[in-house]
Every structure is written in structure tokens, then in C-alpha cells.
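Have a look at the structure below before the remarks.
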Protein chains: 2
Amino acid sequence: MTPTPASAPATGTAPSGEENWLRLDRQICFSLHAASRAFNGVYRVVLKDLGLTYPQYLVMLVLWEEGELPVKKLGEHLRLDSGTLSPLLKRLEAAGLVVRERSARDERSVVVRPTREGAELRERAEQVPRRIVAATDLDVEEIRDLRDRLDVLTRALDAAAEER
Amino acid sequence: MTPTPASAPATGTAPSGEENWLRLDRQICFSLHAASRAFNGVYRVVLKDLGLTYPQYLVMLVLWEEGELPVKKLGEHLRLDSGTLSPLLKRLEAAGLVVRERSARDERSVVVRPTREGAELRERAEQVPRRIVAATDLDVEEIRDLRDRLDVLTRALDAAAEER
DNA sequence: CACAATTCAATTGCGCACAACCAATCAAGG
DNA sequence: CCTTGATTGGTTGTGCGCAATTGAATTGTG
């Protein structure tokens with residue numbers, strides 16, 4: 001039928017149109033929320049041996065590739081701000097995995113660099129991706145496709161949140 | 001293609017296969033992480049008028065459908081434990097949206113029920129799903145498909161995390 | 001050189017997620 | 001009756017995510 005005007009009975013019958021919107025919304029937000037936490041749970045198990053949390057692992061991944069970069073750049077890679085990164089990096093520093101030091105060129109900037117110990121951790125982390133991919137029970141093609149869909153979704157959501 | 005950054009083989013062997021695994025893993029975890037937070041950001045904007053956070057909205061969704069249920073059942077619906085729910089429910093109670101009271105039948109159980117104010121909030125929340133779905137820039141079919149894929153993924157991840 | 005605007009990181013405060021532990025309650029067995 | 005065990009919420013501690021503020025350093029301009 002044509003979309004019922006907002007005359008949705010509050011509690012009586014179940015108006016198929018409006019109710020479906022609400023339920024669909026609930027399912028998609030439930031699903032994404034649950035998937036995100038499920039992923040976090042798997043990473044928690046896999047990363048326990050390395051003594052890293054999931055976001056800490058993300059930080060180390062970037063540092064392993066980039067080698068050294070200021071907090072600002074690090075935050076751009078991960079889409080995290082200093083409010084999240086500052087205490088996280090302090091914990092990584094306390095664990096002896098990274099060093100933080102003020103840039104000589106720009107005293108405002110703090111440069112993060114993996115220590116020898118942090119760099120060596122990379123080898124032990126090499127096995128992580130395989131275990132994660134295995135846990136998804138998906139093949140590479142499906143993962144790639146899902147990733148692409150999520151990236152498209154993220155861009156749309158960011159754009160929508162931006163303009164309000 | 002292959003914009004391989006100056007990631008010199010740190011330890012000697014840098015088999016392209018391994019490197020690809022690591023990068024693919026990074027992309028899927030980045031993507032899911034980013035999508036989850038992007039969703040959260042949109043919900044933050046949309047729910048600001050209602051004075052609800054995203055998890056609080058999830059709780060109210062369940063209560064609007066179920067009407068009244070113990071914390072245990074609520075946690076099963078949302079896959080959240082009391083460590084998360086207890087303070088959250090206290091905040092909802094402080095906002096006058098729910099009441100918590102011990103069950104007469106079983107003194108161990110605490111039953112949560114929306115207040116009149118909390119029930120009335122449902123009507124103002126009716127518009128939320130449409131705005132969220134619009135923000136995704138996807139049609140219903142695509143959302144349904146993505147949700148199903150995420151649910152499958154979540155089940156696989158939960159199973160993998162379980163057995164270790 | 002002096003001053004204002006900008007940039008950047010740190011800090012603070014609030015809320016969520018989860019693990020570990022604790023307290024109260026109910027049920028079953030002696 | 002009392003004890004044991006299981007169930008159910010609560011509490012505490014750690015860490016992430018984000019908004020808002022602060023403060024220092026750099027850059028731009030006269």
C-alpha cells in the first residue's frame with residue numbers, strides 16, 4: 001500500500017509499513033554493533049599473547065608500516081583523536097613498545113616511533129591476520145566484498161553526519 | 001598498483017603472500033571499526049533531540065517491544081552484561097524514562113519497565129529509523145543483504161572466540 | 001620586533017564494553 | 001534446620017571513543 005501517513009497506532013495493531021522500518025533499523029544497528037563487538041572479542045583472544053588490545057594493535061600496524069610519525073598523522077590514519085591516542089600511546093610506551101618524543105623541528109608535535117622491542121613484536125604478529133581471517137569463516141573474495149561495502153557505507157554515514 | 005611503501009623486509013623474508021594477508025586483515029578490521037563508529041556518529045546526531053545515546057536507544061527499543069523484562073533478559077536481547085547495563089539503566093532511570101524494581105517472585109531479579117514518559121518517547125523516536133536508513137544511502141534490499149552478511153560473520157566470530 | 005590567528009597535543013569529563021570479583025537469593029541435600 | 005551450589009545483579013578496575021577546554025608553539029601580518 002501507499003505509505004501510511006503518520007497515523008501509526010501506538011500500541012494496537014502492527015502497522016506493517018512503519019513497524020517494518022523500525023524493525024529493519026533495529027536489525028541493521030544490532031547487526032553492526034554485534035559484528036563489531038564480535039570482532040573485538042576475537043582480536044582480544046588472538047592478541048592476548050602479544051599483550052595488545054585491538055586499538056593498540058591497529059596503532060602498531062600503522063607504525064610498522066610507516067616506521068615513525070607524529071600523533072596527528074597517526075590519528076588521521078586511524079580516525080582517532082588525541083583524546084583516545086594520548087593515553088593509549090602512554091600505555092604502549094609504558095609497555096616498552098614505542099617511544100614518544102617532541103619533534104625538534106616543531107615543538108608542538110610529538111613523534112611516535114616503535115622501539116626495538118616494538119619492532120620485534122611484528123614478527124610475532126605475523127600470524128594474527130591468518131587467524132582472524134580464519135575466524136571469519138569467509139574466503140578472501142567475500143572479505144574483500146564486505147570490506148568494500150562497509151567502506152561505501154562509512155563514507156555515506158560520515159557525509160550524512162557531516163551536514164547536520 | 002601495489003603502492004608498496006618503503007616497508008623494507010625487517011627480518012629478511014617479505015613474502016608477498018604474507019604481506020597481502022596482513023594488509024587485507026588491516027583493511028577489514030579498519031573497515032568494520034570505521035563503519036561501527038560512523039554509525040555511532042550518525043546515531044549521536046539523530047538521537048541528540050531525544051537525549052539518548054546509541055546503546056540507550058537500543059535498550060528503549062527492546063523495552064518498547066517487550067514492555068517489561070528483567071535485566072537478565074534485557075542483556076540477552078542486547079548481548080550486554082550487567083556491568084554495562086547497570087549504570088546505563090541507572091542513567092535512564094535518572095532521566096525518568098524507566099523504573100527498576102525487584103521482582104516479588106524472585107528477589108534476585110530486577111525488572112525494568114518504561115515509565116509513561118519513556119513510553120511517550122517512542123512516538124518521537126518513530127522518525128529515527130527513516131533518518132538512519134536515509135543516512136546509509138542504501139536501499140532496503142542492500143541493507144537487508146548487508147545485515148545478513150554481518151549476522152553470519154558475527155556467528156562465525158563468536159564460534160571462533162568460543163573455542164579458545 | 002610585537003601581536004593575533006592558527007595549529008597541535010594534552011587534559012578533563014562522560015559514557016560504553018568487558019573481565020573479575022562480590023553479595024543476596026533461591027533450591028536441593030544432608 | 002543448616003549447608004552447599006547455582007543463579008542473578010551489583011561493584012570495581014581497565015581501556016576505548018568522543019566532545020570541549022587549555023596551553024604552548026608556530027606562522028602570518030603590520
Side-chain angles (χ1 to χ4, degrees), chain A residues 29-30 32-45 47-48 51-60 69-76 78-95 100-112 154 158 161-162, chain B residues 29-30 32-45 47-48 51-60 69-76 78-95 100-112 158 161:
Chain A
C29 68
F30 264 57
L32 199 79
H33 208 56
S36 179
R37 282 185 293 139
F39 239 118
N40 214 314
V42 173
Y43 271 106
R44 192 190 325 279
V45 172
L47 293 175
K48 191 193 292 182
L52 294 176
T53 67
Y54 176 46
Q56 288 169 4
Y57 171 68
L58 298 185
V59 167
M60 294 307 296
L69 71 176
V71 175
K72 173 73 171 180
K73 289 288 181 185
L74 188 58
E76 289 174 1
L78 299 167
R79 294 180 180 274
L80 293 174
D81 66 358
S82 63
T84 298
L85 285 177
S86 284
L88 188 154
L89 291 172
K90 284 183 179 176
R91 283 185 283 270
L92 286 179
E93 188 174 40
R100 299 180 307 143
E101 53 186 17
R102 295 229 165 243
S103 166
R105 292 200 321 102
D106 187 342
E107 289 287 339
R108 294 168 305 180
S109 178
V110 169
V111 173
V112 184
T154 298
D158 282 344
E162 197 77 15
Chain B
C29 69
F30 264 57
L32 198 81
H33 207 56
S36 179
R37 283 183 293 141
F39 239 117
N40 214 315
V42 172
Y43 271 106
R44 193 191 324 281
V45 172
L47 292 175
K48 191 192 293 182
L52 292 177
T53 68
Y54 177 45
Q56 287 170 4
Y57 171 68
L58 298 185
V59 168
M60 293 308 296
L69 71 178
V71 175
K72 173 75 170 179
K73 288 288 182 186
L74 188 58
E76 289 173 2
L78 299 168
R79 296 179 179 272
L80 293 174
D81 64 359
S82 63
T84 298
L85 284 177
S86 283
L88 189 155
L89 291 172
K90 283 183 180 176
R91 282 186 283 270
L92 286 179
E93 188 174 41
R100 299 180 306 145
E101 55 186 15
R102 295 229 165 244
S103 167
R105 290 198 322 104
D106 188 341
E107 289 287 339
R108 295 170 302 181
S109 177
V110 170
V111 173
V112 184
D158 281 344

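Naming convention: chains lettered A, B, ... in sequence-line order (proteins, then strands); numbering from 1 in each chain.
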Item checked: Atom-pair distance (CG on A:L47; C1' on C:dA19), nearest Å -> 16 Å
Check: Whole-Å distance between D:dG17 C1' and B:Y43 OH?
Finding: 18 Å
Next item on the list: Kindly write out the residues that satisfy side chain to side chain contact (heavy atoms under 4.5 Å, CB included) with B:K90, not counting sequence neighbours, or none if the list is empty.
Entry: B:R100
Notebook entry, point to check: In whole angstrom, what separates A:D158's CG from D:dC18's P?
Noted result: 10 Å
Check: B:Y54 OH to D:dC18 P: how many Å, rounded?
Finding: 13 Å
Notebook entry, point to check: Whole-Å distance between C:dC26 C1' and B:R105 CZ?
Noted result: 12 Å
Notebook entry, point to check: Can any side-chain N or O of A:Y54 pair as donor or acceptor with the backbone N or O of B:C29 at less than 3.5 Å?
Noted result: yes
Next item on the list: Sequence neighbours left out, what passes side chain to side chain contact (heavy atoms under 4.5 Å, CB included) with A:K73? Give chain and number order.
Entry: A:L69, A:P70, A:E76
Note to self: How many whole angstroms separate atom CZ of A:R37 from atom P of C:dA19?
What the structure shows: 11 Å
Checklist line | Non-neighbouring partners of A:R44 that pass side chain to side chain contact (heavy atoms under 4.5 Å, CB included), sequence neighbours left out | finding: A:N40
Next item on the list: Under the side chain to side chain donor-acceptor pair (under 3.5 Å) rule, collect the residues that match up with B:E107, sequence neighbours excluded.
Entry: none
Item checked: Atom-to-atom span, CZ of A:R79 to P of D:dA19 - whole angstrom -> 13 Å
Pairs under 3.5 Å (N/O, protein and nucleotides 9-15 of chain D):
{"from": "D:dG9", "atom 1": "OP1", "to": "B:K72", "atom 2": "N", "distance (Å)": "3.2"}
{"from": "D:dG9", "atom 1": "OP1", "to": "B:S109", "atom 2": "OG", "distance (Å)": "3.4"}
{"from": "D:dG9", "atom 1": "OP2", "to": "B:K72", "atom 2": "N", "distance (Å)": "3.1"}
{"from": "D:dG10", "atom 1": "OP1", "to": "B:R100", "atom 2": "NH1", "distance (Å)": "3.1"}
{"from": "D:dG10", "atom 1": "OP2", "to": "B:S86", "atom 2": "OG", "distance (Å)": "2.7"}
{"from": "D:dG10", "atom 1": "N7", "to": "B:S82", "atom 2": "OG", "distance (Å)": "2.9"}
{"from": "D:dT11", "atom 1": "OP2", "to": "B:K90", "atom 2": "NZ", "distance (Å)": "2.7"}

Item checked: Which residues share a side chain to side chain contact (heavy atoms under 4.5 Å, CB included) with B:S86, sequence neighbours left out -> B:S82
Margin query: Base, sugar-phosphate or nothing for B:D106? Non-hydrogen atoms, less than 4.0 Å.
Written below: sugar-phosphate
Next item on the list: Using atom CG of A:L78 as one end and atom P of D:dC18 as the other, report the distance to the nearest whole Å.
Entry: 12 Å
